[in-house]
Amino acid sequence: MFFTTLTLAMTTIGQGPANWYEPFPAHKIVGNVYYVGSKDLATYLITSPDGHILINSGFERTVPLIQKSVESLGFKMTDVRIILASHAHSDHVAGHAALQKATGAKVYVMNGDDQVIASGGKGQYMYATDRWDPCKVDRILKDREEVRIGGNTLVAHSTPGHTRGCTTWAWQVEEGGKKFDVVVIGSPNVNPGYQLVNNKDYPELAADFAKTFEVLKSLPCDVFLGAHGGYYGMVERYELLKKGQANAFVNPEGYKEYVAQKERAFRKTLAEQKDKAETPAVASISDRLNKYIAAKEIAGAVALVATPDKIIHLDATGKASLDPAETMKTDAIFWIASMSKPVLSTLILMLQDDGLLNVDDPVEKYLPEFKGLKTAEGKPAKVTIRHLLTHTSGMGEITGDQARDCKSLADAMPLYLAKPVAFTPGSKWVYCQSGINTAGRIAEVVTKESLEKLLEQRLFGPLGMKDTTFYLTEKQLPRLAKSYKRTEKGELETVDIRFLNGKSPTSKDRFPAPNGGLFSTASDYARLCQMVLNGGELDGKRYLKPETVKLMTTNQTADLKTGFTTGHCWGLGWCVVREPQGTTEKLSPGTFGHGGAYGTQAWIDPEKKRIYILMVQRSNFSNSDGSDVRRGFQEAASEAFSNSKNK
């Protein structure tokens, strides 16, 4: 067995859905064409007396699965002469080097993907950090070039966009005296994060996708196949085959419908991105941020300015990653840290509007165990939801190790109860993580739903905040901007996102922390801010009563001294600028918002009807709310839009 040692020694395991690695019965498709892939990562075997062709290898992890499938059909891996690819993403080509080494087969790759495969993943437009074993490319193909062996003639159609060298394979096979046109679609998918408009790294991306759809529509197709089994309903078609249906994989109408559906999706995304691209990037704002990038205060930034109904400035400057160098894009994802707190507070007030709770209710009404909460002197401490949202509860905090062991918000509650309350609730303001998390647990109790699902159902989904989440997906992960700290020598050095405790942002082995666990984009967070600026309504849907928005975003801490910059007070989960000064000098009295530990900021000026959002990832500002970067952005934005022609 060629891959026994390989399987045991394997060190790089691919990521993705379980069905990528799940074995699936090898089966004949038509003529001399066979399926030998996993349940979703498609690999095709085309046989001949002079040697065989394999299209796609999956991951190194799936190579033994492919071998087992080939041998189950009565063929030998040593007879594989040519290895082809649909496109150079790891889930289709990371196993190429292992296949090539074991079989001695030649690897043919379309121009545009050749260097990516040869280098083991370097130079990709998307998924730039994915790596695999480099693979020698024996022949670089051109559009419509033919690959011939033993009576098989496969035509390589360049269908770029998904990757620069994405390839759709087309050829004819014969069965029962009848000829069938076979098409294996490379991929026509515009994945999340693909920037079709004003793309500095792949300027021709939209044009390439448009070309691809013209090519796909021109190809005659009887047997529709694709890079993933899901493209053509492989599992369902296999079930038809088992039931004895002749030519179960002949599906010309399915091919046409699939191409038409994907073209509609492309056109829709293109139109949406063109609309966004029409938002002017105001040079003076970008220039100001570029000064901080040049001074190595930050690596890069996404800045957004909006009114109640539209975005009036959106631009990305600098780098999302310094090494490897990756240009910052407007859809970059950031850890927004404590900007999660206004999100939670908005949810709590929505639940109040629904009659499920009241902010003046004692916490013990919903969490009975809080009846035992006491001060350091042993006196009962009556904490209300209002105290939780205004940081006036006095509740104690838990250690990082304790938080790391909590898998749910419910797990954290006994730990909070074990800490004494530091002062009479309502008498002082002390920034309190435990209070916000307790409010999140109350939301779960009154709705009988987990917080992550609750936010998705009530806010993120309805508002179209598609990239706001506690847990990133594998597809979102490449868009996460790297975090940096500034060293004593004035250099930027990468740091981990501290609350993850070394875990991946995709890991669900942690509780959904409303005090600071969310990831988001500038455009996503702007949707929340626009809804609040509009008095609780957006796009014809009401989320909050106008009076509830006012309660949430105006002073609820009276004359208590609050942080983190002078002249502030606190609403319910939202910080409020009472007396603009210093960093907030250009903001109107009554402006409200919140910052995050790594420098992210979102502020809503109700007087000027303007939203300011700044997304950066730097860990060691002396005061992220009082940073020069925040001040410079808000100054530049205020000055730019004081001129009526920029409104």
Visitor: Mind checking whether Thr554 and Phe592 have side chains closer than 4.5 Å, heavy atoms only?
Guide: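 With C-beta onward as the side chain, the pair stays apart.
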Visitor: May I ask you to check whether over 12 heavy atoms, not counting those of Lys608, lie within 6.0 Å of atom NZ?
Guide: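 Correct, the count exceeds 12.
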Visitor: According to the interplanar angle, ranging from 0 to 90°, do the rings of Tyr194 and Phe209 count as parallel (below 30°), tilted (30 to 60°) or perpendicular (above 60°)?
Guide: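 Taking Phe209 first and then Tyr194, their aromatic rings sit tilted (interplane angle of 30° to 60°).
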Visitor: Quick check on side chain to side chain contact (heavy atoms under 4.5 Å, CB included): which of Thr317, Val616, Ile298 does Tyr292 satisfy it with?
Guide: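 Of the listed residues Thr317, Val616, Ile298, the side chain to side chain contact (heavy atoms under 4.5 Å, CB included) partner of Tyr292 is Ile298.
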Visitor: Are any non-hydrogen side-chain atoms of Leu492 and Lys485 less than 4.5 angstrom apart?
Guide: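 No - every pair of side-chain heavy atoms lies 4.5 Å or more apart.
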Visitor: Any salt bridge between Asp353 and Arg542, counting N to O under 4.0 Å?
Guide: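 No, no charged N to carboxylate O under 4.0 Å.
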Visitor: Ignoring hydrogens and angles, state whether a donor on the side chain of Lys341 or Tyr431 is under 3.5 Å from an acceptor on the partner side chain.
Guide: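 Short answer, yes.
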Visitor: Would you say the side chains of Tyr366 and Asp361 form a donor-acceptor pair under 3.5 Å?
Guide: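 The criterion, which ignores hydrogens and geometry beyond distance, is satisfied for Asp361 and Tyr366.
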Visitor: Output yes when Lys296 and Glu491 qualify as a salt bridge under the 4.0 Å nitrogen-oxygen rule, no when they do not.
Guide: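 Looking at Lys296 and Glu491, the cut-off is met.
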Visitor: Report yes if some heavy atom in the side chain of Trp570 is under 4.5 Å from a heavy atom in the side chain of Thr392; otherwise report no.
Guide: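 Side chain of Trp570 against side chain of Thr392, heavy atoms only: no contact under 4.5 Å found.
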Visitor: Does Leu344 reach the side chain of Leu451, with side-chain heavy atoms less than 4.5 Å apart?
Guide: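 Yes. Closest side-chain heavy atoms under 4.5 Å.
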Visitor: Using the side chain to side chain contact (heavy atoms under 4.5 Å, CB included) definition, which of the options Ile285, Leu289, Leu304 pairs with Leu614?
Guide: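 Filter result, single survivor: Leu289.
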Visitor: Any luck finding a side-chain donor-acceptor pair between Thr591 and Tyr612 under 3.5 Å?
Guide: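 No, no side-chain donor-acceptor pair sits under 3.5 Å.
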Visitor: Using distance alone, with no hydrogens and no angle criterion, decide if Asp625 and Gln601 have a side-chain donor and acceptor under 3.5 Å apart.
Guide: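 Yes.
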Visitor: Is there side-chain contact between Thr384 and Pro425, with at least one heavy-atom pair below 4.5 Å?
Guide: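 The answer is no; the side chains never approach within 4.5 Å.
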Visitor: How about Ile442 and Leu367: do any of their side-chain heavy atoms sit closer than 4.5 Å?
Guide: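 Yes, side chains in contact.
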Visitor: Is the distance between the ring centroids of Tyr598 and Phe334 less than 6.0 Å?
Guide: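 No, they do not, as the ring centres are separated by 6.0 Å or more.
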Visitor: Which value, rounded to the nearest 0.5 Å, describes the distance between Phe633 atom CZ and Lys586 atom NZ?
Guide: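 The NZ atom of Lys586 is 14.5 Å from CZ of Phe633, to the nearest 0.5 Å.
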Visitor: Check whether more than 12 heavy atoms from other residues, nucleotides or ligands sit under 6.0 Å from atom CG of Asp360, and answer yes or no.
Guide: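 Atom CG in Asp360 is crowded, with more than 12 foreign heavy atoms closer than 6.0 Å.
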Visitor: Would you say Lys503 has more than 12 foreign heavy atoms packed within less than 6.0 Å of its NZ?
Guide: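 Yes, NZ of Lys503 has more than 12 neighbouring heavy atoms, counting only those of other groups under 6.0 Å.
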Visitor: Looking at Tyr543, is Lys541 sitting on its ring face, NZ or CZ under 6.0 Å from the six-membered ring centre and within 45 degrees of the normal?
Guide: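 Yes - Lys541 lies over the ring of Tyr543, closer than 6.0 Å to its centre and within 45° of its axis.
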Visitor: Would you call Arg610 and Asp605 a salt bridge, taking side-chain N to carboxylate O under 4.0 Å as the test?
Guide: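 Salt bridge between Arg610 and Asp605, a charged N being under 4.0 Å from a carboxylate O: no.
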Visitor: Will you find, in the side chains of Arg288 and Asn290, an N or O donor that is under 3.5 Å from an N or O acceptor?
Guide: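 There is no such pair between these side chains.
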Visitor: Determine whether the side chains of Asp467 and Thr521 contain a donor N or O and an acceptor N or O closer than 3.5 Å.
Guide: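 No, because no side-chain N or O of Asp467 sits under 3.5 Å from a partner of the opposite role on Thr521.
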Visitor: Going by heavy atoms in the side chains, are Leu544 and Met350 under 4.5 Å from each other?
Guide: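 A side-chain contact under 4.5 Å exists here.
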Visitor: Any salt bridge between Glu444 and Arg441, counting N to O under 4.0 Å?
Guide: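 Judged by the 4.0 Å cut-off on N to carboxylate O distance, Glu444 and Arg441 do form a salt bridge.
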Visitor: Please tell me if the side chains of Leu533 and Val549 come closer than 4.5 Å, counting only heavy atoms from C-beta onward.
Guide: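 Leu533 vs Val549: side chains apart.
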Visitor: Could you check whether atom NZ of Lys407 has more than 12 heavy atoms from other residues, nucleotides or ligands sitting under 6.0 Å from it?
Guide: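 Atom NZ in Lys407 is packed in, count exceeds 12.
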Visitor: If you measure from the Lys or Arg side-chain nitrogens to the Asp or Glu carboxylate oxygens, is any gap between Lys291 and Glu297 under 4.0 Å?
Guide: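 No, Lys291 and Glu297 are not salt-bridged.
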